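Here the structure is a predicted model, which means the values were calculated and not measured.
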Amino acid sequence: MLLYNTLKRAKEEFVPLTPGRVKIYACGPTVYNYFHIGNARAFLTFDVLRRYFEFRGFKVDYVQNITDIEDKIIAQSLEEEVPFREIAEKYTRAFLEDSAALGIKKPTHQPRATELLPQIIAAIEALVKKGFAYEVNGDVYFDTSALPEYGQLSGKKIEDQLPGARVLENVQKRNPADFTLWKAGKPGEPVWKSPWGEGRPGWHTECVVMSQKFLGETFDIHGGGSDLVFPHHENELAQALALTGKPLARYWMHNGFLNIDGDKMSKSLNNFFTARDILAQHSAEAIRFFFLSKHYRSPIDFTRELIEESERAVSNFYSALRAVDYKNIICSLDGSCQDSEQAFTEAMDDDLNTARALAVLFELARKCKNEQLPRSQREQAALMLVRLGEVLGFFTDLCQRLSEALPDLSRQLVELLLRYRREARANKDWALSDKIRDDLEHLGIELRDTPDGCEWKLKD
RNA sequence: GGCGACAUAGCCAAGUGGUAAGGCAGAGGUCUGCAAAACCUCCAUCCCCGGUUCAAAUCCGGGUGUCGCCUCCA
């Protein structure tokens, strides 16, 4: 299995530290707001990575942090005029709800930064003792000049990081590239006691502490959005190296950014969408399909047309399953679709080529629908479609989506109308016949006339 | 200024040396009172120029264009 490693700038064969086991850490949200559709891409990308490892038989430890103390949370608590803990609590809950709604599997561990304050402080103390950090007026900074390897992940040189127009000069820092480990508290801000006085942790240390607590000093994969390469992941890597002398993670993976209608998403452009907004209008599977139809490392452009297109594409899978009456298939996989599974695996093994993997699903869907093929072949295709689709996170609500959940009375009323329509058709009263069909369609019931009579189903 | 990415049909998107996966949309056909569904068929020579090679979307050089990171950010 090949994975693109940002650290090496190349695809590498994945070799786990422990055979049969993968330890993954993926950066989670800072809970100061509902997470947006760009965050959703990162969460979904690593959800699929995790699911694929499980499919390949690995035991997966998947840790995703929740940053519940950070400047933006404090800012939001001032804006909403409620204590910061309530803000963190509110948006943590929203994050868990929206993740679940997107069909993202729960991580095996989901620590919060405020749960590990003692460990974070201990890590900063250790860095100071080892000479990699220094304190100025209650702030503690990491001394980037003390670590020759600094910059290896992002390919940046400290010399290039001149305090230019966009970098605010911080007179307390010895070097512009130095970053904050501990921030002295101002009046009114949430603070914790520390050897440097009351304050709060900087952003980068918590991920080191949380990941190492659950995964050990060195783990397999560290992931996040490509904007995290610098400075966040660079700084994590530096701290871990300074602390243990060992690399934090062996593979660093980063997903590409999302644009809206070709522009960067931003509040000022009024094109800022939360995952919650999108979920209110589109199915989780369409959102997932939209992302998976493009390679995770490429930038992706979110438009209304594309998400609607994705909706239509996904309903293809369901019409395929319906065509073989999936719920009532009683046989199990017999190996006749092995070639599909192999094609799927080959695609996914190549740095998670989900776009190619989706093509395999569509080929299976076409097979399901092909009435020329023997029943058994079509059923096998359906079973494989679901097996592989689940790896990508589809079909989590299969039963619900396939069942026509109507109460008996409604069902009888539909049948009654169809009986009248049959009479109308027998009398060649096409106007009435079509009116019944159109009216039912408005109610979300689709009719199709077949040689065996009229069939109906609820619209997707 | 430093680092990096991308440019494939109407749209989205795979494909990194042997003559272009897949999806959406569209066209024609079978079927139908009509429609829907289903099935069949059709729909690109890969931004431009030059080079390497028997052979390039795929490698090299040069253009042009778009974008990202360097600052909180997935």
- Item | Any A:R312 side-chain N or O less than 4.0 Å from OP1/OP2 of B:A25 | yes
What integer distance in Å separates [X]:[atom1] from [N]:[atom2]?
X      : N     : atom1 : atom2 : value
A:F344 : B:G22 : CZ    : P     : 18 Å
A:R422 : B:C34 : CZ    : P     : 20 Å
A:L358 : B:C24 : CG    : P     : 12 Å
A:R304 : B:C24 : CZ    : C1'   : 16 Å
A:L153 : B:G4  : CG    : P     : 14 Å

- prompt: Do the two ring centres, one from A:H233 and one from A:H254, sit under 6.0 Å apart?
  reply: yes
| For the residue pair A:Y62 and A:F214, is the inter-centroid distance of their aromatic rings smaller than 6.0 Å? | no
Could you go over nucleotides 72-74 of chain B and give all protein N or O partners under 3.5 Å, atom names and distances?
from, atom 1, to, atom 2, distance (Å)
B:C72, O2', A:K72, NZ, 2.3
B:A74, OP1, A:N39, ND2, 3.1
B:A74, O5', A:N39, ND2, 3.4
B:A74, O4', A:N39, ND2, 3.1
B:A74, O2', A:G225, N, 2.1
B:A74, N1, A:L258, N, 3.0
B:A74, N3, A:G38, O, 3.1

Query raised in the report: Can the positive tip of A:K11 be found less than 6.0 Å from the middle of the six-membered ring of A:Y4, inside 45° of the ring normal?
Result: no
message: Here's one to test your reading of the geometry: is the NZ or CZ of A:R250 within 45 degrees of the ring axis of A:F219 and under 6.0 Å from its centre?
response: no
dist A:E12:CD -> A:N5:CG (nearest 0.5 Å) comes out at 4.5 Å
Once base and sugar-phosphate atoms are separated, protein heavy atoms under 4.0 Å mark nucleotides 36-46 of chain B, 5' to 3', with B, S and - as BBSS-------
Measure from the side-chain N and O atoms of A:R9 to the backbone N and O of A:L153, and report whether any donor-acceptor pair falls under 3.5 Å. yes
Run A:F53 and A:F14 through ring-ring contact (aromatic ring centres under 6.0 Å, His included) and show every step you take. CA-CA 11 Å; A:F53 272 122; A:F14 175 75; 5.1 Å; yes
- Quantified in whole Å, what is the P atom distance between nucleotide B:C3 and nucleotide B:G63? 16 Å
ask   = When the P atoms of B:U45 and B:C6 are considered, how many whole Å apart are they?
value = 24 Å
Paired to B:C39 by Watson-Crick or G-U wobble criteria (both distances under 3.5 Å) is B:G29
Show the distances under 3.5 angstrom between N or O atoms of the protein and N or O atoms of nucleotides 7-11 of chain B.
none

